[in-house]
Number of protein chains: 2
Amino acid sequence: MYRILVVDDEEKIREVVREYGEFSGHKVYEAWDGIQAVKMCRENEFSIIIMDIMMPRLDGFSAVKEIRKYTNAPVLMLSARGEEYDKLFGFELGVDDYVTKPFSPKELMARINAIISRDKGRGNKKQLDFNGLNIDLDGRSVYVDGNKVDMTPKEYDLLVYMAKNKNRALTREQLLRDIWGYDFYGDDRTIDTHIKMLRSNLGPYRNYVVTMRGIGYKFEAENE
Amino acid sequence: MYRILVVDDEEKIREVVREYGEFSGHKVYEAWDGIQAVKMCRENEFSIIIMDIMMPRLDGFSAVKEIRKYTNAPVLMLSARGEEYDKLFGFELGVDDYVTKPFSPKELMARINAIISRDKGRGNKKQLDFNGLNIDLDGRSVYVDGNKVDMTPKEYDLLVYMAKNKNRALTREQLLRDIWGYDFYGDDRTIDTHIKMLRSNLGPYRNYVVTMRGIGYKFEAENE
DNA sequence: GATAAAATTTCACATGATGTTCACACAAAT
DNA sequence: ATTTGTGTGAACATCATGTGAAATTTTATC
């Protein structure tokens with residue numbers, strides 16, 4: 001599932017991308033001009049950004065330039081037929097491809113897939129998102145509403161394990177076996193203490209960790 | 001001036017690339033197989049790597065896989081007409097383009113230029129900047145607030161490796177394997193000592209090297 | 001090839017962070 | 001009301017890292 005941001009003032013274009021994107025199982029977000037796009041990129045991470053060049057308020061190139069301060073997500077530029085522009089300038093901003101309007105939706109999706117595949121190989125970060133709770137798996141760090149939260153290794157491991165097995169009831173035995181290791185002889189209740197610490201670190205999202213009385217715990221949340 | 005590495009066992013191919021590359025004012029380096037290429041990449045930084053797939057000793061894909069431990073320079077793969085291979089696999093390794101032999105030298109150079117322009121936009125310079133901490137990869141030298149800092153080879157390698165993998169938690173095993181080599185049998189704690197030296201050399205930026213308790217270390221900074 | 005210098009590695013100890021246990025209070029189920 | 005299970009704080013045990021110094025290896029110099 002990719003997170004696609006399409007930026008265009010034409011409703012029609014956004015609609016096409018949304019339709020085909022969602023058909024392929026991706027999540028499509030929309031912005032209607034550069035300003036809006038920058039704002040969204042400051043707050044979210046996208047797999048790819050489809051950006052029109054000619055837009056009111058803030059044009060596509062300027063928007064990309066601004067966006068590059070926050071993310072290096074791949075960018076595909078849309079241009080109207082006959083529009084003249086400096087491709088090289090785009091490359092310097094990290095633009096990955098150009099598509100001329102009108103385009104065939106199928107071709108667009110193919111290019112999107114190609115770009116994302118290539119980008120993945122460059123080592124983009126893997127992460128888990130649950131609204132304001134964000135886990136950076138490569139950096140082993142956790143963010144709550146954008147603020148980094150310090151966690152001990154066990155707390156982090158516990159959180160990631162539960163998040164990866166979200167919406168499943170996990171027994172204490174299972175947690176001990178998979179996180180502590182098969183050779184742990186300690187008390188069941190050790191987990192409770194770590195859950196306590198984890199909850200206090202999750203702050204407003206402490207209720208994502210649900211107690212399953214008599215069983216264990218469950219991580220209950222939807223990836224946004 | 002780009003630094004182009006062409007890897008091919010065919011003398012003819014290397015010659016064409018060298019000729020056209022130098023005509024365009026670039027510096028062209030040559031390797032005749034994968035092993036040679038890996039060795040050169042470990043010691044030097046290239047703007048782009050032109051890599052044949054079918055080669056004696058070590059094939060192109062395996063070579064790229066190995067090279068990715070040292071650099072993320074863009075790669076253009078050369079394949080003989082009719083050769084079948086998995087493009088997707090290449091993308092995962094960060095392969096930027098494919099060209100089928102025989103090719104027109106002019107087209108090859110055009111593609112090289114396109115890739116490098118794109119790569120530049122992604123911020124792939126021969127130097128790494130983190131505010132007042134500056135690493136010159138060509139000169140293997142480090143500057144702190146403009147002043148050159150003397151580092152031992154291991155300290156430098158450690159810093160560069162961590163900087164290239166910034167914001168990723170790196171285990172001691174990973175660091176030992178990738179910097180010391182797979183055949184290092186020494187103590188884990190060796191790293192700690194080098195980290196200590198590195199930190200003291202980084203002066204005001206010592207806190208860029210973050211301890212990940214129970215895991216290893218992480219280089220935490222944004223290239224301005 | 002011998003010697004000195006530099007770099008690397010090992011090691012032991014102190015310190016602080018983390019993990020575990022436990023007792024008690026409290027809440028939920030029957 | 002009784003039983004059973006969980007939340008919590010504090011005490012305790014354990015573990016990982018920072019550090020200095022010594023031992024070893026590598027490199028440079030004569």
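Owing to the predicted nature of the structure, the values given are computational and were not obtained by experimental measurement. We name chains A, B, ... by the order of the sequence lines, and we start the count at 1 in each one.
Each of C/dA7, C/dA23, C/dC11 was ranked by its minimum atom distance to the side chain of B/Thr193; first place goes to C/dC11. With C/dA23, C/dT9, C/dT20 as the choices, the nucleotide that has an atom nearest any side-chain atom of A/Thr190 turns out to be C/dT20.
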Verify side chain to side chain contact (heavy atoms under 4.5 Å, CB included) between A/Ile195 and A/Tyr217, making sure each step is shown before the conclusion.
CA-CA 9 Å; A/Ile195 290 282; A/Tyr217 296 92; 3.7 Å; yes
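Side-chain polar atoms of A/Asp136 and A/Tyr143 form no donor-acceptor pair below 3.5 angstrom. Checked by atom type, the side-chain pair A/Glu220/A/Asn167 shows no donor-acceptor distance below 3.5 Å. For the residue pair B/Ser62 / B/Asp59, a side-chain donor-acceptor distance below 3.5 Å is found, with atom types taken as modelled.
In this structure, A/Arg189 places its CZ atom 12 Å from C1' of C/dT20, rounding to the nearest Å. Here C/dC22 presents its C1' atom at 17 Å from CD1 of A/Ile191, a figure rounded to the nearest Å. Computed from coordinates, the A/Met212 CE to C/dA28 P distance equals 15 Å when rounded to whole Å. Per the geometry, CG belonging to A/Leu158 stands 15 Å off P belonging to C/dT18, to the nearest Å.
Chain B approaches DNA chain D over the interval D/dA16 to D/dG20, counting the first and last nucleotide 5' to 3' with an atom under 4.0 Å from its heavy atoms.
The local environment of OH in B/Tyr161 is crowded, with over 12 non-hydrogen atoms from other residues, nucleotides or ligands closer than 6.0 Å. Environment of CE in B/Met54: sparse, with no more than 12 heavy atoms of neighbouring residues, nucleotides or ligands closer than 6.0 Å.
Contact check on B/Glu10 versus B/Lys12 returns no salt bridge, with no Lys/Arg side-chain nitrogen under 4.0 Å from an Asp/Glu carboxylate oxygen.
Mapping A/Ile215 and B/Arg172 onto DNA chain D by nearest heavy atom places A/Ile215 closer to the 5' end of the strand. If B/Lys154 and A/Pro153 are placed on DNA chain C by their nearest nucleotide, the residue sitting closer to the 5' end is B/Lys154.
Within residues 196-203 of chain B, the residues that have a heavy atom under 4.0 Å from DNA chain D are, in order of number, B/Lys196, B/Arg199.
Note on A/Phe184: only backbone sugar-phosphate atoms sit closer than 4.0 angstrom, heavy atoms only; bases stay farther off. Among the heavy atoms of the strands, none lies under 4.0 Å from A/Tyr156. Across all strands shown, A/Tyr185 has no heavy atoms under 4.0 Å from either base or sugar-phosphate atoms.
In this model, the phosphate group of C/dT9 is approached by a side-chain N or O of B/Trp180 to a distance below 4.0 Å at OP1 or OP2.
Taking the ring centroids of B/Phe130 and B/Tyr205, they lie at or beyond the 6.0 Å cut-off.
Residue B/Lys218 holds its NZ atom at 14.0 Å from OG1 of B/Thr171, rounded to the nearest 0.5 Å.
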